[in-house]
Amino acid sequence: MLPNRIVVLDRLPQTANGKIDLKALQATQENQLAVSDRAFVAPRTALERRIRDVWQAVLKRDQVSVTDDFFELGGNSLLAVALVSRLNADFDGAVPLQILFEAPTVERLARALDATSPRPASRLVPLQPEGRGTPLYCWPGLGGYPMNLRPLAAALGTERPVHGVQAHGINPGERPYDDVRAMAAADVEAIREVQPNGPYLLCGYSFGARVAFEAARQLEEAGERVEQLFLVAPGQPRLRPEDAVGATGRADFSDRAFLALLHSVFAGTLSGPLLDQCLATVTDEDSFTAFVTRSYPGLGADLVRAVTDIVRRTYSLTYEFHELRGRRLDAPVTLVKAVDDNYSFIEHEGGFSARPPVVHQLRSGHYELLREPHVADLAAVLNDRLPAGTGTSPVHPQPARAVVQEVGMPHINIKHFPVSITEEKELELVAAVTTAVRNAFGCAEDVVSIALEPVAQDVWNERVYIPEIVARQELLRKTPNY
């Protein structure tokens, strides 16, 4: 018996546990078959032929129709970058990175490049253009390239358009902004060009949560209404202990924490042999650029330097908690946390929102929650709080969210020698302990109380060591080693 179709894959899709992802495999096969069923359209102009040749080389295909969709052919973020880099090299131009979202076929791309007066490419990337509901604007993490938000946009369905807000500085000739307020102001301006009035729906992932928060504040200051603000994994992902030791908080290539986070922007992970090689060999921007382009051949040196520049300008080991002081949002806030997130800027200040944020704890990690199959849980959380649209939406499983129940009123008393501690460090400590207690007991933050009690060293044994450590060892979960 002979098969009537053969589908060739570079590799089998896998789940986070390393098993074959049957659902993803089925979707890949369906896309391949849908493409193969279409009528083949050959290039009709010299420009289409040149672009087609680049597509075939990048996608490693013998034949591409000028009406084939880049993403349906298996195009991903790395291949998109490689394709645009090749186009820029072949056409001696400044093709914007986001052009494939607006022109995902050879035919449409040729039309865009051939335009006598091409309009400037918007930084609002159409991740999912269908639907008539209120658009959702999504900010990506460090680096500012929103391609990794595509699975989330697809999982949200077609009730509303989903736009990724690409950072200023990604494309040739752009200079990154130096602070969050300026970033958000430019992004708000871009958003209001396509949607002059509210209500607005905003979502920020990782570092993008800070920009989304500031954008919401600026929109409300302008008299507009923000209907929902989603802050997804706003805390920095947890580093390996050996990478976190000695962190300076500076964007310095000699700082392992910074270098690990910078590498994760391209690799999507904070572990693995590639990271170990990077930490062992990279000493400056030139060697980092060489390492990344060697590890990921589709990435051009210019793009790596542009993303690195954005990360260096926006990097901060600890978020600026004071940025929330004196700011208050009327918008409802939904906080979605990953299992491996550290504390976030949003957890260190109270009163930033007229209503307490709704908190969801997912079981997936900082990078995993944007990937299959975990992205379905994240999409379910967002869809549950998004207003009803007018399109069609896929059925999602119930999200793996934290169950919040009242279990008394946990109180923590931290006794310590009278050492000086800055206000910021005190806020950081209180927020970290509050988060840990809330997650452990499944209670709301409002019922947790924390006391910091300085005890003089000369009465430490009398007041702390004897009555609370020696005499109550059955309650200790960590014993000291003086």
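Scope of the values below: all heavy atoms of this structure, side chains included, with no hydrogens, waters or symmetry mates. Computed from a prediction, not measured in an experiment: that's the story for all the values here.
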When you compare the side chain of Phe291 with that of Phe266, does any pair of heavy atoms fall below 4.5 Å? no
Hey, are the side chains of Phe207 and Val180 touching, using non-hydrogen atoms and a 4.5 Å cut-off? yes
Counterpart residues, side chain to side chain contact (heavy atoms under 4.5 Å, CB included), relative to Arg312 (two or more places apart): Ala251, Phe253, Phe258, Glu285, Thr308
Just so I know, are the side chains of Tyr296 and Val304 near enough to count as touching, which here means a heavy-atom distance under 4.5 Å? no
Does the ring center of Phe230 lie less than 6.0 Å from the ring center of His360? no
Expected output: side-chain Gln361 to main-chain Ala338 donor-acceptor under 3.5 Å: yes
Result block: side-chain N/O donor-acceptor pairs under 3.5 angstrom for residues 270-278, not counting sequence neighbours:
| residue | atom | partner | partner atom | Å |
| --- | --- | --- | --- | --- |
| Ser271 | OG | Thr269 | OG1 | 3.4 |
| Asp276 | OD1 | Arg240 | NH1 | 3.0 |
| Asp276 | OD1 | Arg240 | NH2 | 3.0 |

Answer yes or no: is there a side-chain heavy-atom contact under 4.5 Å between Leu329 and Phe213? yes
To the nearest 0.5 angstrom, please state how far the SG atom of Cys138 sits from the CG atom of Leu202. 9.0 Å
Gln128 side-chain N/O to Glu130 backbone N/O, donor-acceptor pair under 3.5 Å: yes
Between Thr334 and Arg385, a side-chain donor and acceptor under 3.5 Å: yes
Donor-acceptor pair, Arg123 side chain versus Gln166 backbone, under 3.5 Å? yes
4.5 Å side-chain heavy-atom contact, Leu369 and Asp377: no
Sidechain-backbone polar pair: Ser264 side chain, Leu261 backbone, donor-acceptor under 3.5 Å: yes
Kindly say whether Gly131 contributes a backbone atom to a donor-acceptor pair with the side chain of Arg160 at under 3.5 angstrom? no
Using salt bridge (Lys or Arg N to Asp or Glu O under 4.0 Å), reason through Arg192 and Glu224 one step at a time and then give a plain yes or no. CA-CA 11 Å; Arg192 299 191 75 176; Glu224 298 291 347; 2.9 Å; yes
Where is the tightest heavy-atom contact between Gly133 and Pro161, given as atom of each residue plus distance? O-CD, 3.5 Å
Which pair of heavy atoms, one from Asp179 and one from Ala182, lies closest together, and at what distance? OD1-N, 2.8 Å
Locate the shortest heavy-atom distance separating Ala185 from Gln218; write the atom from each residue and the value. CA-OE1, 3.1 Å
What's the separation between atom CG in Leu262 and atom CG in Asp255, rounded to the nearest 0.5 Å? 11.0 Å
Would Leu152 and Val232 satisfy side-chain contact (heavy atoms from CB on, under 4.5 Å), going step by step from the backbone distance to the final call? CA-CA 12 Å; Leu152 173 61; Val232 178; 5.9 Å; no
Can any side-chain N or O of Glu159 pair as donor or acceptor with the backbone N or O of Arg132 at less than 3.5 Å? no
Residue Gln457 excluded, over 12 heavy atoms near CD under 6.0 Å: no
Indicate whether the side chain of Tyr137 and that of Gln195 have a donor and an acceptor atom separated by less than 3.5 Å. yes
Are the side chain of Asp243 and the backbone N or O of Arg256 linked by a donor-acceptor pair below 3.5 Å? no
So, are Glu214 and Arg210 salt-bridged, with charged N and O less than 4.0 Å apart? no
Minimum heavy-atom separation for Val211 to Trp139, with atom names? CG1-NE1, 3.4 Å
Verdict with reasoning, Glu453 to Arg463, per salt bridge (Lys or Arg N to Asp or Glu O under 4.0 Å): CA-CA 11 Å; Glu453 181 182 353; Arg463 291 184 50 186; 2.8 Å; yes
Does the Ser206 side chain pair with the main chain of Gly208, one donor and one acceptor, at a distance under 3.5 Å? no
Answer yes if the side chains of His366 and Asp341 hold a donor-acceptor pair under 3.5 Å, and no otherwise. yes
What is the minimum heavy-atom distance between Pro140 and Pro146, and which atoms define it? CB-CA, 3.8 Å
From Leu124 CG over to Asp187 CG, what is the distance, rounded to the nearest 0.5 angstrom? 8.0 Å
Is any side-chain heavy atom of Tyr367 closer than 4.5 Å to a side-chain heavy atom of Pro237? yes
Quick check for you: to the nearest 0.5 Å, what is the distance between Leu229 atom CG and Arg217 atom CZ? 13.0 Å
The test is side-chain contact (heavy atoms from CB on, under 4.5 Å); show your working for Val336 and Tyr205 and say whether it passes. CA-CA 9 Å; Val336 185; Tyr205 163 70; over 6 Å; no
Just so I know, are the side chains of Val375 and Ser364 near enough to count as touching, which here means a heavy-atom distance under 4.5 Å? no
Between Thr289 and Asp286, a side-chain donor and acceptor under 3.5 Å: no
First locate atom OG1 of Thr134, then atom CD of Gln228, and finally report the distance between them rounded to the nearest 0.5 Å. 11.0 Å
Identify whether the distance between the nearest side-chain nitrogen and carboxylate oxygen of Asp309 and Arg305 falls below 4.0 Å. no
Measuring from Ile412:CD1 to Ile450:CD1, what's the distance to the nearest 0.5 Å? 5.0 Å
Can you check side-chain contact (heavy atoms from CB on, under 4.5 Å) on His374 and Leu362, steps first, answer last? CA-CA 9 Å; His374 309 282; Leu362 299 185; over 6 Å; no
Val226 side chain near Pro199 side chain, heavy-atom distance below 4.5 Å: no
Would you find a donor on one side and an acceptor on the other, under 3.5 Å apart, between the side chain of His168 and the backbone of Arg175? yes
State, to 0.1 Å, how close Ala290 and Thr293 come at their nearest heavy-atom pair, and which atoms those are. O-OG1, 3.1 Å
Test side-chain contact (heavy atoms from CB on, under 4.5 Å) applied to His163 and Leu136, step by step: CA-CA 6 Å; His163 300 287; Leu136 175 66; over 6 Å; no
Glu220 side-chain N/O to Ala331 backbone N/O, donor-acceptor pair under 3.5 Å: yes
